[in-house]
Amino acid sequence: MKKIIVGLLAMVAFSSAAYADVIIIANKDVPENTLSRKEIKEIFFGKRVQWSDHRKIHVTTLKDTVIHKMFLKQYLNKSHAKWKSYWKRMIFTGRGVPPKSVRTEAELIEYIAETKGAVGYVSSEGIPDDSETIVKIIKVR
């Protein structure tokens with residue numbers, strides 16, 4: 001019994017540490033430097049479509065990866081299955097188009113750097129050292 005409890009506590013500690021490694025990034029022209037968790041939810045669920053300067057938000061996600069699942073859990077409080085279900089409903093009812101999705105963090109960083117108004121997320125390990133010269137790291141409040 002003690003081994004099970006210790007194992008579960010270790011898993012919780014590891015998963016909490018891993019969640020902290022998901023970073024929100026945006027194109028350098030995005031006016032916001034910080035976002036609340038509520039604002040992140042609104043953006044990634046397609047409910048907020050413009051930045052404060054009225055430019056269009058271009059949401060970008062990773063395809064079904066560990067980082068994507070960590071992002072969904074940490075910032076949106078959703079599983080991958082519920083995320084897919086949400087966007088299927090939005091498409092079916094004509095109320096939304098899912099975010100652009102790319103395969104790798106490098107592709108995501110490149111897209112965000114080249115696309116005005118773009119926002120996405122990466123792991124802290126997936127972001128290059130010189131990243132702050134090409135994208136903006138958004139602080140979460």
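Note that this is a predicted model, so its numbers are computed, not measured.
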Kindly compute the distance separating [atom1] ([X]) from [atom2] ([Y]), expressed to the nearest 0.5 Å.
X: L62; Y: I67; atom1: CG; atom2: CD1; result: 7.5 Å
X: H80; Y: K63; atom1: NE2; atom2: NZ; result: 10.0 Å
X: E125; Y: I23; atom1: CD; atom2: CD1; result: 8.0 Å
X: L35; Y: I43; atom1: CG; atom2: CD1; result: 5.0 Å
X: I25; Y: T60; atom1: CD1; atom2: OG1; result: 8.5 Å
X: L76; Y: K82; atom1: CG; atom2: NZ; result: 13.0 Å

My understanding is that only residues two or more places apart in sequence, or in another chain, count here; which of them pass side-chain hydrogen bond (donor to acceptor under 3.5 Å, both in side chains) with E32?
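Expected list: R48, S52.
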
Quick one: side-chain hydrogen bond (donor to acceptor under 3.5 Å, both in side chains) partners of E107, sequence neighbours excluded?
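Testing E107 for side-chain hydrogen bond (donor to acceptor under 3.5 Å, both in side chains), a comparison that skips the adjacent residues, returns T104.
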
Between K69 and D64, does at least one N-O distance fall below 4.0 Å, as a salt bridge requires?
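Salt bridge: yes.
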
Would you tabulate the side-chain donor-acceptor contacts of residues 83-91 under 3.5 Å, counting partners in other chains and residues two or more places apart, or write 'none'?
unit_1, atom_1, unit_2, atom_2, d
S85, OG, R89, NH1, 3.3
Y86, OH, F45, O, 2.7

Can any side-chain N or O of Y121 pair as donor or acceptor with the backbone N or O of L72 at less than 3.5 Å?
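No: the side chain of Y121 does not pair with the backbone of L72.
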
Any donor-acceptor pair under 3.5 Å linking the side chain of Y75 with the backbone of V22?
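Here the side-chain-to-backbone pair exists.
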
Going by side chain to side chain contact (heavy atoms under 4.5 Å, CB included), name the residues that satisfy it together with D53, two or more places apart in sequence or in a different chain.
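Partners of D53 by the side chain to side chain contact (heavy atoms under 4.5 Å, CB included) criterion, ordered by chain and then number, come out as P31, W51, R55.
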
Transitively linked via ILVMFWY side-chain contacts under 4.5 Å: I137 with M70?
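The answer is yes; both residues are in one hydrophobic cluster.
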
N33 side chain to K139 side chain, donor-acceptor N/O pair below 3.5 angstrom:
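Absent: no donor and acceptor within the cut-off.
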
Show the numbers, then the answer: is there a side chain to side chain contact (heavy atoms under 4.5 Å, CB included) between V140 and R37?
CA-CA 7 Å; V140 179; R37 290 187 180 275; 3.9 Å; yes

Which pairs of donor and acceptor atoms, one on a side chain in residues 108-119, lie under 3.5 Å apart (sequence neighbours left out)?
unit_1, atom_1, unit_2, atom_2, d
T115, OG1, Y111, O, 2.8

Name all pairs fulfilling the side-chain hydrogen bond (donor to acceptor under 3.5 Å, both in side chains) condition that reach into residues 92-103, sequence neighbours left out, sorted by first residue then second.
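Matches after skipping sequence neighbours: T93-R95.
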
